[in-house]
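Each remark here refers to the structure printed beneath this line.
These numbers come from a predicted model, not from an experiment.
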Amino acid sequence: MADDPETFEPSKLGTKQHWDDVYKRELANFEDDSEDEGEVWFGLDSVEKMVDWATENVPSSSNPYTLDIGSGNGTLSLALVEAGYPVERILGVDYSEDSVRLARSVARHRSAPALRFEASDFLTEDPPQLEGMGGSEGSWDLLLDKGTYDAIALADKNKDGSAPIDGYPARVSRLLKSGGCFLITSCNFTEEELKHKFIAPQTGLVYQ
């Protein structure tokens, strides 16, 4: 494990080109065989654990606006729908357009065509608003990350020498509603490392 995200060597897993290639291939595979929905990052067990946590802490009965950060093939968003969360209040975003195409196709195949997926870079773009929101900033009740923070940690540094991952906690803080919840699953960072990164005066986030 790393004491600081900057200790990670840049990897292809931190590049948009890699994920564009992955989802282009997985989209083609799905179009050939609708049972092949692509890889589930961290596996279905992690999806189940995240949904279980969400149902206990931000139940579907509260009608939360939920943002799936780096939604990939849409498995986590779809699991929320299956758990009873209102489909019109869930948005999956990913910076790979083929990821979005794949997620939309999988959702249609699973009879959830209203589930929304959009191409958006979480670090640089505000996610699109959902119906009934007063604006994207400070409007989300639940933010979910299953491996996206890990991938960003493997990206090359910005032109100014900063690490892209350094801007991530502030984005969470900016989008999350007061009293909202952010749930992250990581294989590169320990619980203490994540707390050190996210729980800071400038973010206003607290550990639950």
| Between Ile152 and Phe122, is any pair of side-chain heavy atoms under 4.5 Å apart? | no
| task | Indicate yes or no: at least one non-hydrogen side-chain atom of Leu144 is less than 4.5 angstrom from one of Leu80. | result | yes
| task | Decide yes or no on salt bridge (Lys or Arg N to Asp or Glu O under 4.0 Å) for Asp98 and Arg101, but give the supporting numbers first. | result | CA-CA 5 Å; Asp98 277 333; Arg101 294 187 183 100; 2.7 Å; yes
| Within the side chain of Thr55, is there an N or O that forms a donor-acceptor pair under 3.5 Å with the backbone of Val51? |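 It does hold such a pair.
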| said: Keeping Thr203 on the side-chain end and Phe198 on the backbone end, is there a donor-acceptor pair under 3.5 Å? | reply: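 Indeed, once roles are kept as given, a pair shorter than 3.5 Å links the two residues.
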| request: Apply side-chain hydrogen bond (donor to acceptor under 3.5 Å, both in side chains) to Glu35 and list each qualifying residue two or more places apart in sequence or on a separate chain. | output: none
| How would you list, by chain and number, every residue that makes a side-chain hydrogen bond (donor to acceptor under 3.5 Å, both in side chains) with Thr148, sequence neighbours excluded? |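 Counting only residues at least two positions away or on another chain, Thr148 forms no side-chain hydrogen bond (donor to acceptor under 3.5 Å, both in side chains).
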Enclosure of [X] [atom1] (heavy-atom neighbours >12, cutoff 6.0 Å):
X: Lys12; atom1: NZ; answer: no
X: Glu97; atom1: CD; answer: no
X: Gln202; atom1: CD; answer: yes

| Cys181 SG to Leu143 CG distance, which is reported to the nearest 0.5 Å |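 With rounding to 0.5 Å, SG (Cys181) is 9.5 Å from CG (Leu143).
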| query | Where does the angle between the aromatic ring planes of Tyr149 and Phe189 fall among parallel (under 30°), tilted (30 to 60°) and perpendicular (over 60°)? | reply | tilted
| query | Going by an N to O cut-off under 4.0 Å, is there a salt bridge joining Asp20 and Lys24? | reply |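 Salt bridge: no.
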| query | Does the side chain of Tyr168 come under 3.5 Å of the side chain of Asp145 through a donor N or O and an acceptor N or O? | reply |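 Judged by distance alone, the side chains do pair up.
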| From CA spacing to verdict: side-chain contact (heavy atoms from CB on, under 4.5 Å), Ser46, Lys146 | CA-CA 8 Å; Ser46 66; Lys146 183 171 63 65; 3.5 Å; yes
| said: Between Glu37 and Leu102, is the side-chain contact (heavy atoms from CB on, under 4.5 Å) condition met? List the steps. | reply: CA-CA 8 Å; Glu37 297 180 352; Leu102 174 61; 5.9 Å; no
